[in-house]
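Here the structure is laid out as structure tokens; the discussion comes afterwards.
Computed from heavy atoms alone, side chains included, the values below leave out hydrogens, waters and symmetry copies. First the proteins, then the strands, lettered A, B, ... as listed; each starts at 1.
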2 protein chains.
Amino acid sequence: MTAPPVSTSPEPSASSAHAILDAAEQLFAAHGFTAVPIKEVAAKAGVNVALIYYYHDSKEALYRHVIERFVGELVRRVSAQLDAAPDAEQAIRAVTRAQFEMLSSKPHFPKLIVRELVDYQAAHAVGVLRELGASLFRRLAGIIREGQARGTFRPDLDPNFAAFSTIAQLPYFFIARPALGVLALGDARPFDDSTAVDFARHAGDFAVAALRPTSTG
Amino acid sequence: MTAPPVSTSPEPSASSAHAILDAAEQLFAAHGFTAVPIKEVAAKAGVNVALIYYYHDSKEALYRHVIERFVGELVRRVSAQLDAAPDAEQAIRAVTRAQFEMLSSKPHFPKLIVRELVDYQAAHAVGVLRELGASLFRRLAGIIREGQARGTFRPDLDPNFAAFSTIAQLPYFFIARPALGVLALGDARPFDDSTAVDFARHAGDFAVAALRPTSTG
DNA sequence: GTCTATAGGCTGATAGAC
DNA sequence: GTCTATCAGCCTATAGAC
């Protein structure tokens with residue numbers, strides 16, 4: 001999870017390349033693409049501005065590379081969790097758990113994703129989103145559909161919609177987190193980490209509860 | 001809902017003031033605060049740049065005024081829907097319905113809200129968010145808590161969390177909408193309006209299903 | 001209230017030395 | 001690979017005429 005020690009003989013530069021991507025990822029997530037001058041990326045990465053243009057054709061290309069890198073990691077992590085789930089209900093919980101691990105280990109991820117979604121019209125990451133969709137979203141929807149066929153899940157919910165309602169909870173929680181203290185408590189203090197842990201468990205519970213057949217019908 | 005005809009005798013300027021706010025609202029939502037030059041706001045509003053500084057102290061002040069205006073309207077609309085709901089289950093559906101009406105009548109709203117949330121740390125709208133929280137979120141959580149006390153809702157879910165899971169669905173749907181076609185269908189074409197109507201109904205169903213007691217426990 | 005004209009700073013990007 | 005030096009353009013904001 002931490003940056004691995006890089007081979008020091010032929011390409012002593014690879015660490016700079018990583019540093020640039022890391023700095024850009026954090027800054028773009030925190031303040032947005034246009035709000036961050038490359039000068040600032042360079043400063044945070046501890047390199048010169050010109051070096052960024054050595055690795056990337058333009059500021060926008062840098063942004064695209066950042067998006068591609070982190071969406072790739074997101075796909076890998078969640079896929080691994082899904083592979084290990086024994087049944088449909090466990091799979092639902094596995095998805096929210098994987099989301100939580102991802103979001104809390106890299107707290108700026110949801111911001112980046114959401115910024116990308118909001119700016120989508122103008123945007124960069126279509127190919128990368130297609131990959132994300134194929135490997136994750138459709139897989140989750142398929143699991144729900146299967147559960148419905150076997151009778152463990154209620155049949156009246158649309159599987160695509162249910163999948164979306166399931167995955168929407170945690171990203172939106174992390175985005176809204178700074179405002180949540182105000183919303184729920186009338187207080188400016190943001191929720192602490194244990195609240196996030198609790199909400200992650202809740203998100204699994206909520207989705208499973210929605211998918212189970214009801215007594216009242 | 002449309003701009004009301006303004007008194008034309010003493011202040012013929014009020015229409016310019018409105019035009020500026022309208023233009024800024026749309027542009028900031030579509031492209032973000034830093035990405036939009038005031039020059040562009042002026043052009044879209046059909047006025048001169050200097051006039052914007054006549055009404056607003058700075059670009060950031062203009063942004064704050066935009067946020068305050070539309071959050072006020074959001075609060076008013078959702079409150080009205082909640083007032084009319086006869087019972088807890090209807091109230092849940094009323095919230096998602098009000099969200100849907102708001103979001104589809106002003107499609108750029110969720111973008112603005114989310115941008116504001118993402119940029120929150122640096123941010124502007126604390127007071128306005130507190131108002132939103134008091135009148136809407138806590139009211140919804142209270143309704144859920146009441147339903148639990150009466151036995152119509154399952155008691156094991158946290159009322160605040162359940163309220164959040166409920167309201168997260170629709171904003172996130174509208175934000176992710178341009179990507180949804182890709183996610184679900186592997187196709188770049190975005191969902192049409194009837195899909196949004198269907199999802200709004202689903203969001204109510206999903207939340208109510210999650211809150212009802214289950215047969216399996 | 002509304003405009004024209006303009007200042008001054010910062011930004012993305014490149015050329016070229018090492 | 002990495003840096004120094006530099007430019008042209010755009011951006012926020014103001015002064016002042018009408």
Side-chain angles (χ1 to χ4, degrees), chain A residues 3-67 115 119 122-124, chain B residues 3-67 115 119 122-124:
Chain A
V6 185
S7 62
T8 40
S9 27
E11 295 140 7
S13 55
S15 65
S16 288
H18 275 120
I20 290 169
L21 283 174
D22 290 343
E25 183 176 295
Q26 283 178 244
L27 289 172
F28 286 153
H31 310 293
F33 177 72
T34 37
V36 176
I38 357 179
K39 201 176 171 181
E40 213 177 312
V41 176
K44 179 151 196 165
V47 302
N48 193 275
V49 183
L51 191 62
I52 296 183
Y53 285 97
Y54 173 78
Y55 284 112
H56 309 275
D57 282 345
S58 66
K59 191 190 172 189
E60 210 182 308
L62 168 63
Y63 182 63
R64 215 171 20 244
H65 295 151
V66 167
I67 299 269
R115 282 198 197 276
D119 290 335
H124 323 85
Chain B
V6 186
S7 63
T8 39
S9 28
E11 294 141 7
S13 56
S15 64
S16 289
H18 276 119
I20 289 168
L21 284 174
D22 290 343
E25 183 176 295
Q26 283 179 246
L27 289 172
F28 287 154
H31 310 294
F33 177 72
T34 37
V36 175
I38 355 182
K39 201 177 171 182
E40 212 177 313
V41 177
K44 179 150 196 167
V47 302
N48 193 275
V49 183
L51 191 62
I52 296 183
Y53 285 96
Y54 173 77
Y55 284 111
H56 310 274
D57 283 346
S58 66
K59 190 190 172 189
E60 210 181 310
L62 167 63
Y63 183 62
R64 212 168 26 240
H65 295 152
V66 167
I67 300 270
R115 282 199 197 276
D119 290 334
H124 324 82

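In this model, the phosphate group of dG12(C) is approached by a side-chain N or O of Lys59(A) to a distance below 4.0 Å at OP1 or OP2. Contact between the side-chain N/O atoms of Ser16(A) and the OP1/OP2 oxygens of dT2(D) is found at a separation under 4.0 Å. Look at Tyr53(B) and you won't find any side-chain N or O under 4.0 angstrom from OP1 or OP2 of dT2(C).
Per the geometry, CD1 belonging to Ile38(A) stands 5 Å off C1' belonging to dG12(C), to the nearest Å. Here the C1' atom of nucleotide dT12(D) and the NZ atom of Lys39(B) are 12 Å apart, to the nearest Å. The CD1 atom of Ile20(A) sits 10 Å away from the C1' atom of dG1(D) (whole-angstrom rounding). Protein atom NE2 of His56(B) is 13 Å distant from nucleotide atom P of dG1(C), rounded to whole Å. When rounded to the nearest whole Å, the span between CD1 of Ile52(B) and C1' of dT12(D) equals 11 Å. Atom OH in Tyr63(A) sits about 19 Å away from atom P in dT11(C), given to the nearest Å. What separates CG of Leu27(B) from C1' of dC11(D) is a distance of 16 Å, to the nearest Å. Whole-Å rounding puts the Leu62(B) CG to dC11(D) P distance at 16 Å.
Each of Asp57(A) and Ala35(A) lies near DNA chain C, and the nucleotide nearest Ala35(A) is the one positioned closer to the 5' end.
With sequence neighbours excluded, the residues that form a side chain to side chain donor-acceptor pair (under 3.5 Å) with Glu25(A) are Arg69(A), His108(A). Among residues two or more places apart in sequence or in another chain, the side chain to side chain donor-acceptor pair (under 3.5 Å) test is passed with Thr34(B) by Thr34(A).
Taking every side-chain heavy atom of Tyr54(B) into account, dG1(C) is the closest of dT14(D), dA13(C), dG1(C). Side chain of Ser58(B), nearest nucleotide from dT12(D), dA13(D), dG1(C): dA13(D).
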Detail all sub-3.5 Å separations between protein N/O atoms and N/O atoms belonging to nucleotides 3-5 of chain D.
residue: dC3(D); atom: OP2; partner: Asn48(A); partner atom: N; Å: 2.9
residue: dT4(D); atom: OP2; partner: Asn48(A); partner atom: ND2; Å: 3.1

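When heavy atoms are screened at a 4.0 angstrom cut-off, Val41(B) is found touching no nucleic acid atom at all.
A donor-acceptor distance shorter than 3.5 angstrom exists from the side chain of His65(A) to the backbone of Ala61(A), with no hydrogens or angles considered.
Val66(A) pairs in a side chain to side chain contact (heavy atoms under 4.5 Å, CB included) with only one of the listed residues (Leu27(A), Leu21(A), Asp22(A)), which is Leu21(A).
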Indicate every side-chain donor-acceptor pair of residues 39-51 of chain A with a distance under 3.5 Å to a residue at least two apart or in another chain.
residue: Asn48(A); atom: OD1; partner: Ala50(A); partner atom: N; Å: 3.0

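The aromatic rings of Phe33(A) and Phe28(A) are tilted relative to each other, their planes meeting at an angle between 30° and 60°.
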